[in-house]
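Side-chain atoms are counted along with the backbone in the values below, which use heavy atoms only and exclude waters and symmetry mates. Below, chains carry the letters A, B, ... as their sequence lines are ordered, and counting in each starts from 1.
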Amino acid sequence: MLSRRAFLKSGGVALFSAGIAGSIPAFAVQAAAANKTAFPFAKKKTLVCIFQRGAMDGLMAVTPFNDTFLKTARPNLLMSAAQSTSDKPLIDLDGRFGLHPSMQVFESLFREKRLAIVHGIGSPNTTRSHFDAQDYMESGTPFNKGTASGWLNRAVGLLKDEALTPFTAVSLTSAMPRSFYGDNPSVSISNLQDFAIQMKGNQSGANMAAKSFEDLYDQTASGLLQETGRESFEAMKLLKTADLKNYKPEPGITYPNSALGNSLKQIAQLIKMNVGLEVAFAESNGWDTHFNQGAANGVFARNVADLSNSISSFWNDLSAYQDDVTVMTMTEFGRTVRQNGTRGTDHGRASCNFILGNDVNGGLVHGKMQPIAVENLEDGRDLAVTTDFRSVFSEVADKHLKLTDDKTLFPDWQGEKIGVMRDA
Amino acid sequence: MKTMPRFFLSMSVFLGGWLFSSSISDQSKIRFPYKAAGLNERQAAAHLLSRFTYGATPGQIDAVVKQGLTKWFHDQLEAKIPDDTLTSKLKSYDSIELTNEEVLMIYPKQPQVLRMAVKDGFINKDSVGTNSEQNKAALETYMQQNNIRPQKELYRQFINQKILRAAHTNNQLQEVMTSFWFNHFNVSLTKNDCAQFIPAYERDVVRPNSLGKFEELLLATAKSPAMLYYLDNFSSAAGNNKFASKKKTNQQKADDKTAPQNDPLIDSLINMLQKVKKEKGLNENYAREVMELHTLGVDGGYTQEDVTQAARILTGWTVYPIQPYTRDTLRQRAQKLDRQGFVREGDFLFAANRHDSGTKTVLGKQYGPDQGYSEGMQLLQDLAHHANTAKFISQKIAVRFVNDNPPKSLVDKMAKTFLSENGDIKAVLTAMVSAPEFWAASALREKTKSPLELAVGAVRSLNATITEPYQLYNWISKMGEKMYSYQAPTGFPDKGQYWISTGALLNRMNFGLALSANRISGVRVNLPALNQFHEPESSQAALITYSKLIMPERDISKTVERLEPMLNDPELSEKVDKASNKMKPENAGDVMSSERTKKPVSNSKANRKESGTMLAQVVGVIIGSPEYQRR
């Protein structure tokens with residue numbers, strides 16, 4: 001069992017003087033003093049998970065362009081990899097799969113073998129309900145609704161640290177995502193700047209109030225309130241030193257001004273601050289494309305552009321940290337192989353996902369996807385699930401964060417890993 | 001409840017528990033052993049109010065003492081105190097009394113509205129998703145013309161009424177129990193399919209049964225559209241229903257004389273309206289959670305096989321199609337359906353043609369064969385009265401009202417009462433309050449307020465006026481409790497550790513500061529009025545006076561002791577500013593305001609404004625203080 005509060009135990013820190021004025025967080029100093037970790041500012045490995053809510057059409061993101069069945073199934077949605085068309089062509093990755101042209105920034109990452117794609121990924125539970133499928137994917141138990149915890153919270157429980165920090169697990173969302181439900185400490189916050197005592201237009205008052213609160217929480221008899229109070233003020237001061245508002249990414253890098261772009265930018269800030277971030281979570285919305293999905297242009301194209309540009313900006317912003325960061329996307333299911341009556345796609349089964357990192361077995365489209373043909377479709381309509389999402393998630397968690405306890409991470413799962421990560 | 005057609009099996013269910021149970025609620029028999037725990041009457045009243053209300057209002061402790069503690073508790077159990085203030089505050093909310101059927105008519109789901117608008121030619125099919133501004137306008141016109149309203153308005157009204165109810169109802173215990181049971185039988189606005197039914201779920205299923213019999217509550221949730229959709233039982237059908245096959249031997253036909261015949265029309269109508277489509281088959285979700293979360297508890301002694309068998313028993317428990325066309329069609333066939341064992345109760349339908357008619361065994365007891373609807377009734381009744389259920393529910397109630405780790409001796413007493421009084425919730429609560437453990441030092445102020453309790457409690461403490469409850473909802477969400485949106489069927493964990501995390505704690509402090517300084521629009525506090533417009537002599541006096549007003553019967557010495565120096569030491573604020581300005585050296589505003597706080601607070605008019613600011617800050621710090629987070 002992890003000792004969550006280990007870094008607080010020596011107590012009696014001059015929080016006020018050292019904390020507000022100084023820039024070294026007390027918990028770091030204490031952890032170092034207690035010789036608990038090699039060095040508190042030592043880089044942590046960070047896993048960044050991005051949930052694409054609404055179910056991404058994996059066949060449009062990464063298209064098996066040789067499968068002629070798609071021509072009849074998706075007359076308005078299918079793009080070609082051939083250069084001759086008027087629209088931008090698919091980016092031919094390996095002669096079989098073509099990346100959507102709006103994800104152009106992913107091409108170099110793929111060629112550099114940092115980016116892997118898993119196609120045919122999904123859940124063994126055949127539900128086509130967004131809610132149920134997300135719930136199952138985030139709890140990590142596709143046949144059990146009552147699982148109280150989320151898989152990423154269980155991952156936090158398995159981290160080998162002697163001490164966690166207030167920023168070990170952070171979700172850049174306004175409400176706690178299902179993936180983070182559970183007993184292990186985690187924070188959900190949509191804007192890091194909210195991590196402060198605030199009195200609009202009265203900075204002096206806010207400082208006074210902060211001091212009062214700090215004193216009150218410092219002396220309270222309730223252990224929980226006292227410890228969390230201390231942690232809160234530590235975290236607050238730490239962020240205050242960072243001048244979040246005026247954050248400057250690496251030269252030449254501009255994050256998309258989107259929800260996902262902003263989330264990833266803030267995750268990058270936390271990583272650069274070395275505050276112990278190990279599990280990060282962000283969301284991307286708008287993937288439920290029932291109507292006029294578009295092809296080279298349109299809703300879907302805008303979505304994948306945002307996704308890939310956000311991730312690529314994040315990656316390049318972290319140039320000095322890339323060895324320690326892995327990004328993984330996920331979505332609850334894929335979409336129908338055939339387009340529907342409103343030039344969109346309906347709820348299907350398998351989709352694809354993206355994994356980016358220096359220890360990723362990149363440059364490959366993994367999975368056992370069969371050619372798109374009537375006889376290979378699940379229920380005669382959908383791309384069949386050929387890779388269990390748990391196989392991929394557990395491998396990434398294992399190889400990147402050294403979490404080997406699959407039984408805890410995915411209690412009902414036993415299966416093979418498919419080699420999306422390289423052996424160290 | 002709607003009038004039921006005569007031809008349906010008439011199962012007029014008493015929304016149970018309302019009947020006065022003299023042996024339990026007779027106040028003369030209730031004894032509160034607080035004196036033995038070393039508490040005086042006022043302290044005991046404060047404890048009662050901290051446990052069974054959303055927080056004491058100013059003067060309420062005195063009122064409870066005057067009324068008598070047992071009388072007060074008795075009235076709360078009965079929950080029949082007139083609520084005129086609340087009623088008038090809720091008058092402007094026109095959607096909170098709608099039936100499920102009306103909700104579906106007035107607040108259809110967005111994609112459905114879009115489809116209707118496309119079908120009626122208001123929006124060009126090819127433009128959907130491309131020309132958003134124009135389509136948005138067209139959609140709005142279409143909705144206005146057809147009296148269709150946006151769903152978020154329904155949820156907004158629903159959430160607003162909950163906050164107003166918590167803040168203003170005189171029947172506080174009923175509302176506290178409503179929250180408790182809603183969380184126990186959790187459903188979630190995050191699940192689209194069940195969201196529309198949630199307002200009626202809380203109103204008709206949870207609240208009326210919140211102080212009744214556990215069995216009635218369990219049955220009502222089991223039959224509610226919200227739960228049937230949330231845990232998917234609406235789609236659960238026999239995998240190998242022997243009636244599904246039309247080819248039958250004569251012998252089978254003879255056996256099946258009274259059994260339902262497959263009726264393709266009926267089935268397709270039901271399917272169409274419930275989106276069952278291809279996902280037909282046994283669904284175990286509800287059967288599992290009803291045992292794990294609603295009754296026996298995870299260690300309640302059941303197996304996976306019990307879950308599967310229970311799921312078979314509950315096949316056919318579904319939602320009565322709510323659209324008028326289907327209702328008419330079903331009504332025309334009602335007599336036949338009735339003969340076949342279909343049962344309708346309000347929005348609930350037992351679809352006999354989907355039921356697994358074979359023999360099942362759960363926890364060693366046999367159900368069926370061929371008993372249809374009554375098998376499920378029997379199963380749920382058996383679960384409701386099971387000894388492990390008594391334990392599990394008693395434990396959960398004790399966690400809610402005593403502390404996060406209630407003593408076993410107390411839970412045992414409650415469980416015993418649960419069994420002997422047939423799951424009478426009033427009796428279980430009474431047993432709890434009659435036990436010494438309830439009044440022990442280990443119970444006092446040992447619970448952490450949830451964000452809803454903190455926000456509403458602060459409003460009640462300060463006698464604040466709420467004009468826009470949704471602003472409070474936003475704060476409550478920020479503090480970590482997005483009401484009605486907990487995704488998992490477990491409901492929000494009821495423990496301090498869950499609520500108190502770093503980000504959430506800072507938001508609690510910020511909430512206190514914002515509320516007391518009137519920076520939450522739609523919520524107004526009048527701090528001078530709280531003290532009958534007696535302006536405190538000094539800032540110290542203000543600190544003491546308001547600490548006592550806001551935290552009556554609490555030990556405020558620590559709070560005063562820690563905050564006093566801040567008010568007294570004119571240098572301190574400067575020090576604080578200086579320290580924090582080390583990072584931002586140029587900050588003229590800070591210098592100015594520290595000048596201000598340096599001056600001693602006097603009663604002169606010129607200083608009134610800043611003394612008001614100081615007072616607001618003191619009160620804000622009290623609301624955000626550790627002591628105030630506890631109840």
Side-chain angles (χ1 to χ4, degrees), chain A residues 16-17 20-21 126-132 135 139 144-148 166 174-176 178 181 183 185 187-189 195-200 202-205 207-209 211-213 215-217 219-220 222 224-226 228-229 231-232 235-236 240-241 290-292 298-299 342-343 379, chain B residues 111 125-126 128-130 190-193 231-232 278-279 285 288-289 292-293 448 477 480 482 485 487-490 496-497 500-503 505-507 509-510 513 517 519 558-559 562-563 566 573 576-577 579-580 582-583 587 589-590 593-594 597 613 617 620-621 624-627 629-630:
Chain A
F16 174 43
S17 53
I20 288 188
T126 61
T127 181
R128 288 168 177 87
S129 144
H130 293 295
F131 176 87
D132 290 343
D135 197 64
S139 73
N144 194 345
K145 288 241 164 171
T147 310
S174 60
M176 199 66 95
R178 181 74 170 90
Y181 281 17
D183 287 338
V187 171
S188 75
I189 188 162
F195 220 99
I197 294 296
Q198 293 162 329
M199 291 174 71
K200 270 188 196 125
N202 183 0
Q203 189 55 45
S204 171
N207 293 340
M208 288 275 284
K211 166 78 177 107
S212 309
F213 281 130
D215 277 3
L216 283 171
Y217 278 85
Q219 57 79 43
T220 185
S222 155
L224 174 66
L225 287 164
Q226 187 187 47
T228 314
E231 256 180 58
S232 301
M236 187 180 102
K240 218 170 168 181
T241 62
H290 289 282
F291 297 92
N292 298 325
V299 181
T342 53
R343 297 187 179 190
D379 298 332
Chain B
K125 188 169 97 171
D126 296 329
V128 174
T130 54
T190 58
K191 182 158 182 171
N192 220 349
D193 288 342
L231 286 174
D232 310 314
K278 287 180 182 159
E279 290 164 48
N285 284 338
R288 179 179 295 106
E289 304 317 342
E292 177 177 327
L293 299 173
T448 306
S477 302
K482 198 165 181 196
S485 292
Q487 195 170 321
T490 53
Q497 246 178 325
I500 301 299
S501 66
T502 47
L505 193 55
L506 286 176
N507 280 327
M509 300 176 205
N510 284 325
L513 294 172
R519 278 190 287 113
K558 285 267 171 61
T559 306
R562 303 298 287 209
L563 293 184
M566 175 182 96
S573 59
V576 173
D577 288 344
S580 66
K582 274 184 187 166
M583 287 167 294
N587 199 331
D590 282 3
S593 47
S594 69
T597 45
T613 309
Q617 192 166 328
V621 171
S625 73
E627 185 64 22
Q629 307 314 306
R630 304 163 71 181

Next item on the list: Name the region of B:Ala517, side chain, backbone, both or neither, that has any atom closer than 4.5 Å to a heavy atom of chain A.
Entry: neither
Check: Is there side-chain contact between A:Tyr181 and B:Thr490, with heavy atoms separated by less than 4.5 Å?
Finding: no
Checklist line | Largest heavy-atom contact set with chain A, pairs under 4.5 Å, which of B:Arg288, B:Arg519, B:Arg630, B:Glu627 | finding: B:Arg519
Next item on the list: Please look at B:Gln487 and chain A and tell me whether the side chain, the backbone, both or neither of the residue comes under 4.5 angstrom of a heavy atom of that chain.
Entry: both
Notebook entry, point to check: Do the side chains of B:Leu563 and A:Asp215 get nearer than 4.5 Å, heavy atoms only?
Noted result: no
Check: Between A:Lys200, A:Arg343, A:Gln219, A:Met176, which shows the greatest number of heavy-atom pairs under 4.5 Å with chain B?
Finding: A:Gln219
Item checked: Heavy-atom check, side chain of B:Leu506 versus side chain of A:Phe213, under 4.5 Å -> no
Next item on the list: Output the distance between atom CG (B:Asp193) and atom NE2 (A:His130), rounded to the nearest 0.5 Å.
Entry: 10.0 Å
Notebook entry, point to check: How far apart are the closest heavy atoms of A:Asn144 and B:Glu289, and which atoms are they?
Noted result: OD1-OE2, 3.6 Å
Note to self: Looking at every heavy atom in both A:Gly205 and B:Gln617, which two are closest together, and how far apart are they?
What the structure shows: O-NE2, 3.2 Å
Notebook entry, point to check: Between A:Leu216 and B:Ser625, which heavy-atom pair has the shortest distance, and what is it?
Noted result: CD1-CB, 3.8 Å
Next item on the list: Please confirm whether the backbone N or O of B:Thr502 pairs with a side-chain atom of A:Ser232, one donor and one acceptor, at under 3.5 Å?
Entry: yes
Note to self: Restricting to non-hydrogen atoms, name the atom on B:Pro489 and the atom on A:Gly146 that form the minimum distance, rounded to 0.1 Å.
What the structure shows: CG-CA, 4.1 Å
Check: With a 4.5 angstrom heavy-atom cut-off, which part of A:Ile197 approaches chain B: side chain, backbone, both or neither?
Finding: both
Note to self: Quick test of your reading of the model: are B:Lys191 and A:Asp135 salt-bridged, counting only N-O distances below 4.0 Å?
What the structure shows: no
Next item on the list: Heavy atoms only: give me the nearest B:Asp232-A:Lys145 pair and the separation to one decimal.
Entry: OD2-NZ, 3.3 Å
Notebook entry, point to check: Taking all atoms of both residues into account, what is the closest heavy-atom pair of A:Thr228 and B:Ser501, and its distance?
Noted result: CG2-C, 3.5 Å
Margin query: Can a donor-acceptor pair be found, under 3.5 Å and without considering hydrogens, that links the side chain of B:Gln629 to the backbone of A:Leu225?
Written below: no
Next item on the list: Using a cut-off of under 4.5 Å on heavy-atom pairs, state which of B:Leu293, B:Thr190, B:Asn192 scores highest against chain A.
Entry: B:Thr190
Check: Taking atom types as modelled, is there a side-chain donor on B:Gln497 or A:Asp183 under 3.5 Å from an acceptor on the other?
Finding: no
Notebook entry, point to check: For A:Ala148, is it the side chain, the backbone, both, or neither that has a heavy atom closer than 4.5 Å to a heavy atom of chain B?
Noted result: both
